[in-house]
2 protein chains.
Amino acid sequence: MTAEAKGVTTPASPPLTERQEARRRRILHASAQLASRGGFDAVQMREVAESSSVALGTLYRYFPSKVHLLVATMQDQLQHMHATLRKRPPAGDDPAARVAETLMRAFRALQREPHLADAMVRALTFADRSVSPEVDTVSRLTTAIILDAMGLEAPPTAEQLSAVRVIEHTWHSALITWLSGRASIAQVKIDIETVCRLIDLTSPEKA
Amino acid sequence: MTAEAKGVTTPASPPLTERQEARRRRILHASAQLASRGGFDAVQMREVAESSSVALGTLYRYFPSKVHLLVATMQDQLQHMHATLRKRPPAGDDPAARVAETLMRAFRALQREPHLADAMVRALTFADRSVSPEVDTVSRLTTAIILDAMGLEAPPTAEQLSAVRVIEHTWHSALITWLSGRASIAQVKIDIETVCRLIDLTSPEKA
DNA sequence: GGATAATGTAGAACAAGTTTCAGACTTGAT
DNA sequence: ATCAAGTCTGAAACTTGTTCTACATTATCC
């Protein structure tokens, strides 16, 4: 069963009318647009509202805070990316190589819109408890991408899931260091490759 | 050579007079105090200024933003912690166990002041480029703590440094998930133990 | 089709981070 | 001791996220 089939895409809120769905979409589009220009700071709620032709109050009804909005934007982008990645699965021999390849592909995609990446990742790590459900959704999506890349035959063991968690931690934190200019692209690559070694360490046949 | 001997503690700015040093200290103290009460949001610049008997403008002269202030607070706390940890070095047999033990000890310390931890860690990951030097200092301190815990005889190899970087990523990100209520203490423990396995993987005698 | 509850709009108001400024105080050099 | 430069203070102003209010529009149900 894929992540999408599990309903990761739709948090099962009251169904929206068509106009509402359109508004939501306009808002997310404006958010991504502004984020692409200038990152987290450039996403200003008044501007998002104006760009998407929605009143400020309405914007806040759809997304109760700037962080909620950006996390939802990330969810949206991640879904695109998941779909894209699925089209050409990674070619590596072992799971570790495939995960590293997949994450590097995602990383290159982020490099094309570094400001957007900045806005999304900063929002994600800055999110407090009130955003937990949404952040959790993003996390599940990320996990699904990594598990997909591993291409396991059997369901993952607890150990493997731990490794995936650590990979996710490293992924987020490495992105942060890159976005804030404290690590180079090459350094991020090394970090990803290093952490992916954990996958070998936790694969059942070799343990 | 220890980290302190390298001057991690003092970024070599123009020397401060005694009164200035005292002001700086009062500010950091007020910051930690307020953070302990209510986390990131409770550290309000006007309140910090008032608590430390300093004008708002002066506070901003010492710390050019709230994030700068909290990162400096973290630096301060980390130095205490480094000193404390040195007193009783970890007892594990191999480097991996010692690092895990050290990080868990640090984690337990953070659990005693979860709000303070929240303020510091959120600031750290939210910091943008303008805070890079300060964040880097914190990062070097953390690295020093981990390397100390490893208790290596020879200087660390490039591979080992990569492992340490990944451990640091995991440490920060795991703290974030714990602070935002998305991971339990037990889960953080597992993540730390999992990532510490990388140390074995990269130790020269076993490679 | 009309009552009514929910949703959307415009805009003011509020909160907290940040900036600015005029004047008072320190400091360091002469 | 004094002058200049730099620092500190108090207070107001500005910015942007967030909340609130009064009114208009839309959706739903009979």
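Order of the sequence lines sets the chain letters (A, B, ...), proteins ahead of strands, with each chain counted from 1. Every value quoted in this text rests on a predicted model; they were computed, and no experiment measured them. When reading the values below, keep in mind they use all heavy atoms of this one structure, side chains included, and skip hydrogens, waters and symmetry mates.
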Starting at the 5' end of DNA chain D, which residue's closest nucleotide do you reach first, A:Gly57 or A:Val43? A:Val43
How long is the line joining CE of B:Met45 and C1' of D:dA12, in whole Å? 18 Å
Are the charged groups of B:Arg46 and B:Glu50 less than 4.0 angstrom apart, N to O? no
Establish, with yes or no, whether the OP1 or OP2 oxygen of C:dG17 is under 4.0 angstrom from a side-chain nitrogen or oxygen of B:Arg46. no
From the candidates D:dT7, D:dT18, C:dT9, the one with an atom nearest any side-chain atom of B:Arg61 is D:dT7
Does B:Arg197 pair with A:Glu159 as a salt bridge, N-O distance under 4.0 Å? yes
Could you check which of D:dT18, C:dT9, D:dC8 has an atom nearest any side-chain atom of A:Lys66? D:dT18
Take atom CD of B:Glu50 and atom P of D:dC8, then tell me their distance rounded to the nearest Å. 19 Å
Specify the separation, in whole Å, of atom CG of A:Leu34 and atom C1' of D:dT16. 14 Å
Tell me the interatomic distance from B:Tyr60, atom OH, to C:dC21, atom C1', rounded to whole angstroms. 17 Å
Please work out if B:Ser65 contacts a base, only the sugar-phosphate, or nothing of the nucleic acid, heavy-atom cut-off 4.0 Å. sugar-phosphate
I want to check one thing: is the phosphate of C:dG8, taken as OP1 and OP2, less than 4.0 Å away from some side-chain N or O of A:Tyr62? yes
Between C1' of D:dG17 and CD of B:Gln44, the distance in whole Å: 14 Å
B:Leu59 CG to C:dT19 P, straight-line distance once rounded to whole Å: 12 Å
Less than 3.5 Å between a donor and an acceptor, one on the side chain of B:Arg19 and one on the base of C:dT27, is that the case here? no
Is it possible for you to check whether A:Lys66 lies under 6.0 Å from the centre of the six-membered ring of A:Phe126, through NZ or CZ, and within 45° of that ring's axis? no
In this structure, how many angstroms lie between the P atom of C:dA16 and the CG atom of B:Asp41, rounded? 9 Å
C:dG8 phosphate, OP1 or OP2: any side-chain N/O from A:Gln20 under 4.0 angstrom? yes
Nearest 0.5 Å, what's the CZ-CG distance between A:Arg140 and A:Leu78? 12.5 Å
Electrostatic pair B:Glu101-B:Arg105, nearest N-O below 4.0 angstrom: yes
Specify the separation, in whole Å, of atom CD of B:Glu18 and atom P of C:dT26. 15 Å
Starting at the 5' end of DNA chain C, which residue's closest nucleotide do you reach first, A:Leu56 or B:Pro64? A:Leu56
